[in-house]
Amino acid sequence: MDYFSERSNPFYDRTSNNEIIKMQRLNPEQLNNMTGLEYILLHVQEPILYVIRKQHRHSSTQVTPLADFYIIAGVVYQAPDLGSVINARLLNTLSNLESAFDEAKSYSRYHPSKGYSWEFKNQEEIDKAKAKEKKKKEEPSSLFQRQRVDILLTEWAKKHPPKYTAAPQADKQQDENKEQIKLEMKTEKSETASQSSHTSSRGPAEKKPRLR
């Protein structure tokens, strides 16, 4: 506060309560019992940053902030208010957008048969770069990369082994029924073959006389 209250500081008001206490050599705590304009030390970040607030004291518990000042490397600056910061940012954004639109407009071309098109100054360089990227081949993987991939795959296979699902019971039953049908068909064929061979060995059947 002593540095801020020097005569070389244009932001310091000589009619403030701080100047009265300084002239009368009173205790700085007496500011809380006074009313009017005063300065207080709001924030300290030694050894480079100090924030001082200018405020109007109405009572010991009621104050109205008026302005903030910060000291960086021995130089006093006045902090801008929120409205000034927003206005400055908006103006900066609008100026950048306007310049971007003007530049984009300068690249547009119109032809009666083709219509609108874009013609950039570095279009040839962009086309050459794209052609180089297409021609560029992918580099093969190194031995270290392949070994690392193999190690990771084996670790994942150990942690998550494949699951084998058993065949459903209905499929097994169908297979058994098919095998049984095949066996029955084979036995029937063998029986018919044996019967036919037995009848052929007896010879032709004898004819009985017809009764009149």
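- Annotation: side chain of Phe4 is not in contact with side chain of Leu41 (no heavy-atom distance under 4.5 Å).
- The shortest distance between side-chain heavy atoms of Tyr12 and Glu19 falls below 4.5 Å.
- Interatomic distance, Leu26 CG to Asn18 CG, rounded to the nearest 0.5 Å: 11.5 Å.
- For the pair Glu103 and Tyr107, the minimum side-chain heavy-atom distance is below 4.5 Å.
- Taking CG of Leu37 as the reference point, atom CZ of Arg14 lies at 12.5 Å (rounded to 0.5 Å).
- Under the 4.5 Å side-chain heavy-atom criterion for Ile, Leu, Val, Met, Phe, Trp and Tyr, Leu90 and Leu82 are members of the same hydrophobic cluster.
- Considering all non-hydrogen atoms of both residues, Pro80 and Val85 come closest at CG-CG2, 3.8 Å.
- One finds the CG atom of Leu31 at 5.0 Å from the CD atom of Glu38 (value rounded to the nearest 0.5 Å).
- Taken from CD1 in Ile86 to CG in Asp81, the straight-line distance is 9.0 Å, to the nearest 0.5 Å.
- In this structure, Tyr3 is not a member of the same hydrophobic cluster as Val75, with clusters built from ILVMFWY side-chain heavy atoms closer than 4.5 Å.
- Atom CD of Gln78 sits about 9.0 Å away from atom CG of Asp68, to the nearest 0.5 Å.
- Enclosure of atom CD in Glu29 is not indicated, since only 12 or fewer non-hydrogen atoms of other residues, nucleotides or ligands lie within 6.0 angstrom.
- Here OG1 of Thr64 is found 8.5 Å from CD of Gln55. Values are rounded to the nearest 0.5 Å.
- Counting heavy atoms from C-beta outward, Asp13 and Tyr39 have side chains that approach closer than 4.5 Å.
- For Arg89, the CZ atom is loosely surrounded, since the number of other residues' heavy atoms within 6.0 Å does not exceed 12.
- Cluster membership check: Val51 does not share its hydrophobic cluster with Ile71, using side-chain heavy-atom separations under 4.5 Å among Ile, Leu, Val, Met, Phe, Trp and Tyr.
- Without hydrogens or angle criteria, Asn92 side chain to Ala88 main chain gives no donor-acceptor distance under 3.5 Å.
- In this structure, Val44 is a member of the same hydrophobic cluster as Phe69, with clusters built from ILVMFWY side-chain heavy atoms closer than 4.5 Å.
- Proximity of Asn32 to Arg57: side-chain heavy atoms (C-beta onward) are separated by under 4.5 Å at one or more points.
- Linking ILVMFWY side-chain heavy atoms closer than 4.5 Å, directly or via other members, places Ile48 and Leu42 in a single hydrophobic cluster.
- Under the 4.5 Å side-chain criterion, counting only non-hydrogen atoms from C-beta, Arg53 is not in contact with Val63.
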